Amino acid sequence: MNVVTPFEGIGASVKRKEDLRFLSGRGQYTDDINRPGQTYAAILRSPHAHARIASIDTVAAAAMPGVVAVFTGADMPDLGGIPCGWQIHNKDGSPMAEPMHPVLAVGKVRFVGDAVAAVIAETRAQAKDAAEAIAVEYEVLPAVATLEAALAPGAAQVHDDVAGNVCYDWHIGDKAINEAGFAKAAKVVEFELVNNRLVPNAMEPRAAIGDYDPTTEDYTLYTTSQNPHVIRLLMGAFVLHLPEHKLRVVAPDVGGGFGSKIFHYAEEAIVTWAAGRVKRPVKWTAERTESFITDAHGRDHVTKARLALDANGKFLALHVQTLANMGAYLSTFATSVPTYLYATLLAGVYATPSVYAEVKAVFTNTVPVDAYRGAGRPEATFLLERLVDVAAAETGMDRVEIRRRNFIPADAFPYQTPVALQYDSGDYQATLNQALEAAGWAGFEARRAEAKARGRLRGIGISTYVEACGIAPSAVVGSLGARAGLYEVGTIRVHPTGSVTVLTGTHSHGQGHETTFAQLVTDRLGVPLAQVDVVHGDTAKIPFGMGTYGSRSLAVGGSAMVKAMDKIVAKAKRIAAHLMEASVEDVEFDRGTFRVAGTDKTKSWAEIALTAYVPHNYPIEELEPGLDETAFYDPKNFTYPGGCHICEVEIEPETGITTVVNFTAVDDVGRVINPMIVEGQVQGGVCQGIGQALLESCVYDSEGQLVSASFMDYQMPRANDLPMVSVATHTTLCTHNPLGVKGCGEVGAIGSPPAVINAVVDALKEYGVRHIEMPATAAKIWGIINASRPAMAAE
Amino acid sequence: MYDFEYHKPGSLADAVKLLSADPDARPISGGQTLLPALKHRLNKPTSVVDLSGIAELKGIKREGDKLVIGALAKHFEVATSPEVKAAIPALAQMASTIGDTQVRNRGTIGGSVANNDPAADYPSAVLGLNATVVTDKRRIAADDFFQGMFTTALEPGELLVAIEFPIPEKAGYAKMRNPASRYVMAGAFVAKTGGAVRVAINGAGPGVFRQADMEKALTANWSPDAVAGVKQPADGLNGDIHGSAEYRAHLVTVMAKRAIDAAG
């Protein structure tokens with residue numbers, strides 16, 4: 001046969017199967033769904049960061065036109081609190097403080113946006129009108145809006161039962177070895193920095209619809225979630241006390257998550273519970289302002305670090321002390337972010353013999369803080385890569401050389417770090433070399449001089465990083481306090497004519513899984529891409545799953561699919577052996593064709609699929625009909641993507657405006673399934689990283705009001721703020737999953753911020769700048785320039 | 001958004017009648033300020049009087065040594081009008097930089113000037129060009145029209161009909177955008193009209209204002225260098241999370257330099 005088919009398997013940049021739907025407006029998002037008899041919820045939110053609720057009067061609101069019901073915390077005495085999914089232990093072994101997080105506030109409100117009451121009405125406008133008619137008497141209390149304020153002596157207590165506002169005081173690493181490292185140091189570099197708080201701002205605001213069938217007592221929640229099974233577990237088991245078989249959670253098309261849609265939010269519980277009370281569907285859709293004041297924020301660390309170096313610039317020991325803002329309540333994975341997703345990454349790409357990290361998590365009267373694209377790893381990378389640049393400057397070493405000298409060598413893998421993780425593979429010299437070449441590092445000084453002639457300050461910055469994805473294995477994370485398993489589930493359903501439906505427990509909300517996952521099937525089973533559909537996001541369709549976060553979907557979910565395909569192929573071979581009257585050991589399978597080894601006897605994929613479902617000639621005594629297999633995959637280790645980002649900026653001195661003129665990313669994400677999708681994922685991540693580094697500033701005032709609560713004041717990156725990001729990959733394979741993949745969703749946001757700030761600091765080096773906090777806004781940079789040249793301020 | 005009555009009068013007289021009869025009625029033209037306020041429930045008018053059907057408020061025409069722009073002229077129309085581009089290219093250029101494409105195809109010059117947002121663009125052109133604001137009742141000089149943040153000489157029920165711009169010998173505009181909202185953080189409109197120099201500063205303060213020291217310096221020497229050494233005092237300027245009053249004061253000088261550069 002000479003049929004030429006386009007290559008659609010692993011490594012092909014096939015176009016995304018989902019894009020026609022999205023680009024032609026046929027996506028089905030939660031707010032597009034309307035249920036018969038639907039009502040609308042409006043949430044009355046606290047205008048105060050911290051206040052005692054003296055009284056709530058809902059009588060007038062309940063009498064307003066169209067109002068179906070008004071609920072407050074007092075109506076929900078039997079509901080559990082919103083749970084936290086990871087228990088951290090203090091240095092002394094005692095468990096962290098875990099205060100109650102009621103669905104609707106009880107007694108006190110603890111941040112601006114805290115849910116106080118819910119109005120259910122016939123229309124959205126009627127629900128909002130009635131919410132305004134609820135009279136709440138508040139006794140305003142002093143608020144703590146920052147880490148510093150929360151830890152000050154005599155600070156207001158966010159939770160009466162959490163002394164000093166400290167959630168936990170945790171550490172990792174060997175303190176004695178660390179101190180010995182510092183004792184040997186020829187040079188110690190000390191450094192303090194802030195990792196700025198961010199507001200995620202997915203394009204689609206959160207939304208939820210609760211539905212209830214009084215005849216079956218079945219509940220359904222449609223929600224903007226990255227992990228519907230996790231929501232079913234958290235909300236069903238801990239908050240509403242509903243068994244799984246009576247609760248279906250659907251996460252349809254979701255317009256971006258970036259972590260903020262991992263967590264179980266109060267509104268999901270409110271609409272589901274209220275649907276049962278009013279016996280009608282209840283819909284809630286966030287407005288953008290609600291997103292700003294209720295979606296979990298990201299980052300918000302203050303860190304002090306010390307790095308010990310020997311006389312040759314080799315790192316001896318690193319000591320890190322970090323304060324991490326939890327906000328007012330513990331969001332689902334908040335506690336794991338500054339510990340197991342941050343401090344365990346503090347070895348970075350360097351063979352530092354000792355790392356000791358202390359992390360104090362602190363409650364404040366602000367929106368809860370949780371995982372946001374990168375979750376802990378951007379904070380670790382920003383600290384390390386700034387610190388290394390400062391160390392280079394203060395020891396007189398070249399920025400590239402100090403990195404090379406301290407890299408974990410390519411032949412040292414598997415490499416055990418002093419902070420628990422064991423890296424399986426990587427080649428940091430190779431990604432560095434490739435990036436230096438692609439970015440034209442060697443020719444930079446000529447570009448700097450040319451820019452100077454134009455009156456511009458040009459700088460270049462580098463970041464070499466490693467991160468950890470596909471969090472695992474379940475047994476290990478369980479021993480560290482995780483309250484969930486972190487495996488994934490995949491079902492491969494072969495239909496009688498040979499087409500395939502994949503059911504995956506991961507969730508796609510922009511990543512292109514419908515394409516990438518289909519490519520895995522095409523590559524392995526030889527089924528054309530058009531005959532493979534990927535289904536996700538519905539607990540009624542998918543056996544089980546843990547969802548999508550931490551760049552886990554391909555490494556963990558894809559591996560589950562591979563295991564299920566192994567089972568499919570094994571069974572199909574037995575059917576083929578029967579049909580060809582051969583021994584199963586002699587049957588070979590290669591992309592759609594079964595062959596008796598060494599003969600021209602073959603059977604096609606379609607023939608085997610049909611036989612499985614029409615078993616007229618079939619080994620029925622020893623084999624069940626059908627071709628449908630499910631596998632659970634529990635990873636053996638994290639995966640460790642890494643690489644090098646190089647950023648080049650130009651600053652206009654008279655305004656302080658920074659322009660990113662070049663950005664080069666060379667990432668090792670393991671085996672690449674779809675290079676086009678990887679490029680897009682890295683570019684998107686880099687854009688978010690540039691946003692954090694230069695633009696995005698989440699500001700609370702001292703009263704706990706979010707000053708940057710809209711796009712009028714919070715600067716999201718726009719196309720004209722961003723360069724064309726040049727993306728390349730350099731592959732070392734993951735050694736412990738069947739695909740050799742590592743993950744690419746977060747590398748851009750992890751590697752880029754320090755590259756940008758290192759470039760800004762380099763551009764400003766004639767002004768003696770040691771560090772500039774993010775975001776490096778025009779006003780901030782002008783302030784630095786102006787302070788060092790006051791006489792020329794108006795130049 | 002709260003409920004309100006909607007009127008679409010066909011004449012200026014009918015619009016004035018509706019607005020005069022009800023102090024809580026609000027006029028709307030492009031709706032680029034009022035609609036967001038309504039959506040956020042920050043404004044609760046009894047009725048909204050849509051001016052878009054009133055022919056007397058439309059049109060852009062050259063009348064001798066003046067350019068007359070009707071209140072309903074959209075930013076896009078001003079930006080692309082051959083009359084504006086020929087007579088006052090700086091005004092067309094300014095209009096082309098307001099908001100984004102959607103805003104420019106909805107927002108009107110009359111709405112912007114009557115609203116007098118300190119971060120709006122047009123007030124600096126009106127003041128810098130010494131324009132005359134024509135209403136249904138009277139003619140108001142630019143120097144008398146703008147009275148500080150969101151405040152103008154317009155009386156309740158009085159409608160802005162058109163703006164008459166004298167044709168300058170030279171004019172130029174430069175601004176620095178607020179990084180988040182992209183409204184004006186500091187802007188300068190400079191013009192030389194009939195030998196008289198005006199410098200109008202927007203964005204930086206609580207309202208548009210004239211910079212007398214720069215006007216004096218430019219009268220003596222029309223060049224970017226002439227204003228480079230003129231410092232705008234920071235006192236009274238805006239300071240917020242986007243930049244201090246000192247930064248804005250500095251930007252006033254930078255933008256004035258650039259505006260003169262643009263004016264040629």
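Because the structure is predicted, anything quoted here is derived from the model rather than measured. First the proteins, then the strands, lettered A, B, ... as listed; each starts at 1. Hydrogens, waters and symmetry mates play no part in the numbers below; they use all other heavy atoms, side chains included.
- A donor-acceptor contact shorter than 3.5 Å links the side chain of His250(B) to the backbone of Glu654(A).
- Of the listed residues (Val707(A), Thr777(A), Val699(A), Asp713(A)), the greatest number of heavy-atom pairs within a distance under 4.5 Å of chain B belongs to Asp713(A).
- Rounding to the nearest 0.5 Å gives a distance of 12.5 Å between NZ of Lys780(A) and OH of Tyr247(B).
- Rounded to the nearest 0.5 angstrom, Thr655(A) OG1 and Met185(B) CE are separated by 10.0 Å.
- Heavy-atom distances place no part of Leu695(A) under 4.5 Å from chain B, backbone and side chain included.
- Top candidate by heavy-atom pairs under 4.5 Å with chain A, chosen from Pro179(B), Gly243(B), Ala186(B), is Pro179(B).
- Residue Glu652(A) touches chain B through its side chain alone, counting heavy-atom pairs closer than 4.5 Å.
- Residue contact with chain A, scored on non-hydrogen atoms closer than 4.5 Å, involves the side chain of Arg41(B) exclusively.
- Enclosure of atom OH in Tyr714(A) by more than 12 non-hydrogen atoms of other residues, nucleotides or ligands within 6.0 angstrom is indicated.
- Taking every heavy atom of both residues into account, Met712(A) and Ala180(B) meet most closely at O-CB, 3.4 Å.
- The contact between Asn720(A) and chain B is made entirely by side chain atoms (from C-beta outward), counting heavy-atom distances below 4.5 Å.
- For chain B, the nearby part of Thr289(A) is the side chain; its heavy atoms alone come within less than 4.5 Å.
- For Asp3(B), no part lies under 4.5 angstrom from a heavy atom of chain A.
- The heavy-atom pair separating Trp782(A) from Glu246(B) by the smallest distance is CH2-O, 3.8 Å.
- With a 6.0 Å radius and a threshold of 12 heavy atoms from other residues, nucleotides or ligands, Phe711(A) has its CZ atom above the threshold.
- By the 6.0 Å contact criterion, CZ on Arg106(B) is open, its count of non-hydrogen atoms from other residues, nucleotides or ligands being 12 or less.
- With chain A as partner, the option from His40(B), Arg182(B), Met1(B) having the largest number of non-hydrogen pairs under 4.5 angstrom is Arg182(B).
- A salt bridge is absent between Lys44(B) and Asp129(A): the closest approach of a Lys/Arg side-chain nitrogen to an acidic carboxylate oxygen does not fall below 4.0 angstrom.
- In this structure, chain B has a heavy atom under 4.5 Å from the side chain of Glu132(A), while its backbone stays farther away.
- Considering every non-hydrogen atom in both Ser708(A) and Ile241(B), the closest pair reads CB-CD1, 4.3 Å.
- No more than 12 heavy atoms of other residues, nucleotides or ligands shown are found within 6.0 angstrom of CD on Glu5(B).
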